[in-house]
Amino acid sequence: MRHDDEPVFIRSKWGTSRYTYNPRNPIGLALIVITLLFAGTMMILMANRAGPFAPPPAKEPWNPPAYEHSWQPTTPTGTPQGAP
């Protein structure tokens with residue numbers, strides 16, 4: 001029995017004006033399978049925190065460069081060492 005003349009989308013039987021995939025049409029059935037596989041894959045990725053749901057990599061803590069003192073050390077009197 002071929003159902004190629006069936007529409008891909010049919011009106012919902014719940015009284016709303018929404019359309020649903022028609023499992024009697026091969027394309028509608030393929031869309032149902034693809035949707036279920038995609039949703040299942042996304043659920044698994046979310047549960048494992050993988051793929052687009054992976055947390056960002058941890059940043060290294062800020063480590064400022066070493067302070068290099070360019071001034072000459074001073075004596076207790078306040079004059080630079082080596083000054084005349």
Side-chain angles (χ1 to χ4, degrees):
M1 177 188 305
R2 292 194 54 164
H3 298 286
D4 290 340
D5 56 344
E6 287 277 340
V8 176
F9 300 101
I10 56 174
R11 280 194 183 266
S12 174
K13 295 179 182 176
W14 292 43
T16 62
S17 61
R18 295 184 181 192
Y19 284 85
T20 60
Y21 297 135
N22 185 1
R24 293 183 186 154
N25 184 301
I27 296 173
L29 184 61
L31 289 172
I32 291 170
V33 171
I34 290 169
T35 302
L36 291 174
L37 288 175
F38 179 78
T41 302
M42 288 296 120
M43 298 284 271
I44 290 170
L45 288 174
M46 281 192 279
N48 293 329
R49 296 183 58 108
F53 305 105
K59 293 182 180 180
E60 293 183 20
W62 183 64
N63 190 8
Y67 181 71
E68 296 180 14
H69 198 283
S70 62
W71 294 22
Q72 294 179 353
T74 58
T75 61
T77 60
T79 59
Q81 290 181 355

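In what follows, residues are counted from 1 in the order of the sequence shown. Computation of the quantities below employed the complete heavy-atom set of this structure, encompassing side-chain atoms and omitting hydrogens, waters and symmetry-equivalent molecules.
Residues Ser12 and Thr20 share a closest heavy-atom pair of CB-CG2, 4.2 Å. The two residues Arg11 and Ser17 have their closest heavy-atom pair at NH1-CA, 3.7 Å. Residue Leu45 comes nearest to Pro52 through the heavy atom pair CD1-CD, 4.3 Å, listed as atom of the first residue, atom of the second, then distance.
Judged purely by atom type and a 3.5 angstrom limit, Asn22 uses its side chain to pair as donor or acceptor with the backbone of Pro7.
With rounding to the nearest 0.5 Å, the separation of CE in Met46 from OG1 in Thr41 is 10.5 Å. Atom-to-atom distance recorded for Tyr21:OH and Leu31:CG is 5.0 Å, nearest 0.5 angstrom.
Under a hydrophobic clustering in which Ile, Leu, Val, Met, Phe, Trp and Tyr are joined whenever their side-chain heavy atoms come within less than 4.5 Å, directly or via other members, Leu37 and Met43 fall into different clusters. Clustering ILVMFWY residues whenever any of their side-chain heavy atoms sit less than 4.5 angstrom apart, transitively, puts Ile27 in the very cluster that holds Tyr19.
Environment of CD1 in Ile32: crowded, with over 12 heavy atoms of neighbouring residues, nucleotides or ligands closer than 6.0 Å.
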